[in-house]
Visitor: 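Pasting a structure here, questions to come.
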There are 2 protein chains.
Amino acid sequence: MNMDIIKPSILAGFMELLPKEQEIFNDIVDKITAVYKNNGCMAIDTPIIEKAEVLLAKNGGETEKQVYSFQKGKNNLALRFDLTVPFARYVAQYYNELTFPFRRYQLGKVYRGERNQKGRYREFYQCDVDVIGKDKLSINNDAWVISLADKAFKEIGLLDYQFQVSNRKVLKGILIEQEIENVTEIMILIDKYDKIDKKSFEDQITNIIGQEKSKYLNNILDIQGSNEEILAGLTKLQIKNEYFLEGINELRQVKAMLEHLDVASERFRINLKIIRGLDYYTGTVFETILIGNESYGSICSGGRYDNLAGSYTENLLPGVGISIGITRLFFVLKEIGFIGNYRIKNKLDYIIIPIGETLDYCMEVTKYLEKKGFGVTVYFEDNPLKKKMNYANKLGVEKVILIGEDERLNNEIKIKDMMSGDERKIEYRLL
Amino acid sequence: MNMDIIKPSILAGFMELLPKEQEIFNDIVDKITAVYKNNGCMAIDTPIIEKAEVLLAKNGGETEKQVYSFQKGKNNLALRFDLTVPFARYVAQYYNELTFPFRRYQLGKVYRGERNQKGRYREFYQCDVDVIGKDKLSINNDAWVISLADKAFKEIGLLDYQFQVSNRKVLKGILIEQEIENVTEIMILIDKYDKIDKKSFEDQITNIIGQEKSKYLNNILDIQGSNEEILAGLTKLQIKNEYFLEGINELRQVKAMLEHLDVASERFRINLKIIRGLDYYTGTVFETILIGNESYGSICSGGRYDNLAGSYTENLLPGVGISIGITRLFFVLKEIGFIGNYRIKNKLDYIIIPIGETLDYCMEVTKYLEKKGFGVTVYFEDNPLKKKMNYANKLGVEKVILIGEDERLNNEIKIKDMMSGDERKIEYRLL
């Protein structure tokens, strides 16, 4: 082997697909973004590289440790680790030129130097929708963004998903009412609920707040049933704390609005154990599980925040957003067999194969078919017929048009159906 | 002002657009990529970060100096500076799993630490098409990739462009026949032809090869006329060098094929001054000028190369490609006023504005309109009517549906045409 040759490879933790899978990936992305566009979300695009001081303005947080940062000249640069921080910067920067409520979607790659493990990527696509208000924003938007995700999942043909919805204020009200001071500790524990067993979860809660309060809290977290039953169970607690009452009221409104928005009632479930990390969210929070495949975690998450861009502006910008980590979603959908069964219509209806010197006539047929709206292409290479047919076969084109001297002389074409193997000769203008 | 607030800003040399312009940018991208897809090109996507040793395998070259590179852990990383090098790596890496000729397109951001100047970006989108053969590839593909760009420009409504096409072999043959040894120097000069005045160009050529040969060469470079006339003028030179003859033959084939592919004859012009840098291309080369705006340079360039991936594999992979620098193209189209006149159909046909407590009925109307295939959204915020109408106006939605108690009681809606100001009441099921 030539010593100058470098083995072609990519970095660990980066996803790269072969064309057939890439086509499915792109089809999923197209369908999701089409839903966002058709529902009036505006697209924005922000740089992948930003000033480190801007991107890391709100310091702290788990993701920050994973940021790719470097110097170029005098500048400290960083690669974006999500689409929310650049969006906050964008809204603050162009505040006077935007129309509020600003409904935006954004699709793009983000970077996190995560520990290398299966299904975790260091470069991955996120696709976010956020609605940002000026000073205030209707609670209906919380349901609306969830309904967009619902529409998007329907578009790609996903069936077994469920939105798990909570409102931070409910739990906050309960903890305040119970005079529990270790709010943060409790929240962190509940956030990890899925990752530890029930017994050890209860033990740890008891360690912090004692047996009585632990039992009270665990009873609340365990309320089962329909959304209506869970809400009734919570109301029965007779808690008077204003956060609690506001949270319950918001949950009720989100539930009612989801129904108005045609999100089937089995598609969302109130679940007080949903926390979504510690900072950031203030009201509605939600995750999305794949029923029967819960262990893969959430495939779409989001929530309500009081103020998007406090690091960059004094303008109050409340909002609600959702994010789909599409690279991770694709990985999960592949694992559960969904990608293997995903069908895409071939863009090419015909491939035309010239036999002998018939290219001019082949191009005439091509032009005719293109004008009729067919997807069509010509095989240009000078190869044995077998190789030409093999090419058509590998491309998955269903109908091959063969054009030799005979066909040209008679203004005909020979069409071979690649599924049945049938061949027929017709005048091309009859297609 | 709060001292903790960081001024929101992005790095110099990065493009960021407001939503209205972003919509146009995305529409242009969608139209270009749709042409590629519908003509049977497969999409691929490669990481933006690669191993530096892989990305910079073929060292040297102007762009390499501009590469963003950095360390993360033990790894030397670099951001891709074009889509061709990652594509070469991709084809070499997955050689056994690809179907050749492999027609691929790729859209993505690339990075170059260029000197900061107007219209030059450090992060920009490229959109490339390449056709790669196994060992050999028909010359017809050279015309085919140009025809795709032609179709793409037509799709976005661009009119005044022209492909300037040459073949490196022609010039090479002439220089060899004239026994000119300073081939590289001459090529570099011709490559810069547009950037220096004619007199100084001729003087510099004369300095290198003497008056007689300079005159001979300049006469050739100056041949004017139709493509047929230029080819006739070249043929008349009676040059017997095999490169020359092969080059002329290929030019003739590309010209004939472009005609077959419906590229209008005024859309391409043979121009021997097109070089496209020194390494890399070996046959067909082309650029695309905007007629009347030539000073902006080429908006789409490409050509034929003998071997795509020599740095990564011993397999011979000849190919031909085109690249559109979309960020730069957008800049140029904005400069010449094209973007200002670009019209996009609003995705939203209707915006529904509830007046009073009519949200449930508004959602009923929304569902009906969505099922009919209309783009529709509801304004959720509790604001004065004037502010609601102002929002619809800013979004550029042509028809606003107003729904108050009256409308709900009568199963009606009030439609306001935002252009004419006309209002009418109708049953919503009549839409």
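Residue numbers begin at 1 in each chain, while the letters A, B, ... track the order of the sequences.
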Visitor: By a 4.5 Å heavy-atom criterion (distance strictly below it), what part of B/Leu55 contacts chain A: side chain, backbone, both, or neither?
Guide: neither
Visitor: Taking the side chain as C-beta and beyond, is there a heavy-atom pair between A/Lys109 and B/Lys109 under 4.5 Å?
Guide: no
Visitor: Answer with side chain, backbone, both or neither: which region of B/Thr46 has an atom nearer than 4.5 Å to a non-hydrogen atom of chain A?
Guide: both
Visitor: Let me know if B/Phe102 has heavy atoms under 4.5 Å from chain A in its side chain, its backbone, both or neither.
Guide: side chain
Visitor: Tell me, do A/Lys367 and B/His260 make a side-chain contact under 4.5 Å, heavy atoms counted?
Guide: no
Visitor: Which region of B/Tyr121, side chain (C-beta onward) or backbone (N, CA, C, O), has a non-hydrogen atom less than 4.5 Å from a non-hydrogen atom of chain A, or is it both or neither?
Guide: neither
Visitor: Please report the interatomic distance CG(A/Asp262) to CD(B/Glu364), rounded to the nearest 0.5 Å.
Guide: 11.0 Å
Visitor: Do the non-hydrogen side-chain atoms of B/Glu259 and A/Asp360 ever get within less than 4.5 Å of each other?
Guide: no
Visitor: Given that the side chain runs from C-beta out, which part of B/Asn390 has a heavy atom under 4.5 Å from chain A: side chain, backbone, both or neither?
Guide: neither
Visitor: Going from CD on B/Glu21 to CG on A/Asp45, what distance comes out if it is rounded to the nearest 0.5 angstrom?
Guide: 13.0 Å
Visitor: Show the nearest heavy-atom pair for residues A/Leu348 and B/Asn39, with the distance to one decimal.
Guide: CD2-C, 4.1 Å
Visitor: Give a yes or no on whether a salt bridge exists between B/Glu381 and A/Lys134, defined as a side-chain N under 4.0 angstrom from a carboxylate O.
Guide: no
Visitor: Sort B/Thr366 into side chain, backbone, both or neither according to what part of it lies under 4.5 angstrom from a heavy atom of chain A.
Guide: neither
Visitor: Can you find a heavy atom in the side chain of B/Glu50 that is under 4.5 Å from one in the side chain of A/Phe14?
Guide: no
Visitor: Taking the six-membered ring of A/Tyr68, is the NZ or CZ of B/Lys72 close enough (under 6.0 Å from the centre) and on axis enough (within 45°)?
Guide: yes
Visitor: Of the backbone (N, CA, C, O) and the side chain (C-beta and beyond), which part of B/Ile139 lies under 4.5 Å from a heavy atom of chain A, both, or neither?
Guide: neither
Visitor: Name the one of A/Glu123, A/Arg122, A/Met15 that satisfies side-chain contact (heavy atoms from CB on, under 4.5 Å) with B/Pro47?
Guide: A/Glu123
Visitor: Run the ring-ring contact (aromatic ring centres under 6.0 Å, His included) test against A/Tyr379 and tell me which residues pass, sequence neighbours left out.
Guide: A/Tyr391
Visitor: Would you mind telling me which of A/Asp349, A/Val54, A/Asn383, A/Ile10 has the largest number of heavy-atom pairs within less than 4.5 Å of chain B?
Guide: A/Ile10
Visitor: Just how far is it from atom NZ of B/Lys51 to atom CG of A/Leu11, taken to the nearest 0.5 Å?
Guide: 6.0 Å
Visitor: How about B/Met363 and A/Asn140: do any of their side-chain heavy atoms sit closer than 4.5 Å?
Guide: no
Visitor: Checking heavy atoms, do the side chain of B/Val378, its backbone, both or neither come under 4.5 Å from chain A?
Guide: backbone
Visitor: Partners of B/Glu23 by salt bridge (charged side-chain N to carboxylate O under 4.0 Å, His left out), sequence neighbours excluded?
Guide: none
Visitor: Using 4.0 Å as the upper bound for N to carboxylate O, is an ion pair formed by A/Arg89 and B/Glu16?
Guide: yes
Visitor: Enter the distance from B/Leu17:CG to A/Ile44:CD1 here, rounded to the nearest 0.5 Å.
Guide: 10.5 Å
Visitor: Fit a plane to each ring of A/Phe380 and B/Trp144, take the angle between them on a 0 to 90° scale, and name the class: parallel (under 30°), tilted (30 to 60°) or perpendicular (over 60°).
Guide: perpendicular
Visitor: Most heavy-atom pairs under 4.5 angstrom with chain B, which of A/Asp382, A/Leu137, A/Asn75, A/Val376?
Guide: A/Leu137
Visitor: Charged N to carboxylate O under 4.0 angstrom, B/Lys151 versus A/Glu370?
Guide: yes
Visitor: Identify which of B/Ile49, B/Val91, B/Thr99, B/Leu77 forms the greatest number of heavy-atom pairs closer than 4.5 Å to chain A.
Guide: B/Ile49
Visitor: Taking atom NZ of B/Lys136 as the centre, does the number of heavy atoms from other residues, nucleotides or ligands within less than 6.0 Å exceed 12?
Guide: yes
Visitor: For a 4.5 angstrom cut-off between non-hydrogen side-chain atoms, does B/Pro19 reach A/Leu98?
Guide: yes
Visitor: Would you say CD of A/Glu97 has more than 12 non-hydrogen atoms from neighbouring residues, nucleotides or ligands within 6.0 angstrom?
Guide: yes
Visitor: May I ask you to name which of B/Arg104, B/Lys387, B/Gln71, B/Met257 has the most heavy-atom pairs under 4.5 Å with chain A?
Guide: B/Met257
Visitor: Measuring only between side-chain heavy atoms, which start at C-beta, is A/Thr313 closer than 4.5 Å to B/Ile5?
Guide: no
Visitor: Below 4.5 Å, heavy atoms only, C-beta onward: do B/Lys37 and A/Asn26 meet side chain to side chain?
Guide: no
Visitor: Relative to chain B, which of A/Leu359, A/Leu261, A/Leu79, A/Asn346 shows the most heavy atom pairs under 4.5 Å?
Guide: A/Leu359
Visitor: Which atoms of B/Tyr111 come close to chain A, meaning under 4.5 Å heavy atom to heavy atom: side chain ones, backbone ones, both, or neither?
Guide: side chain
Visitor: For A/Thr377 and B/Arg103, what are the C-alpha separation, side-chain angles and deciding distance, and is it a side chain to side chain donor-acceptor pair (under 3.5 Å)?
Guide: CA-CA 11 Å; A/Thr377 196; B/Arg103 295 169 172 182; 2.5 Å; yes
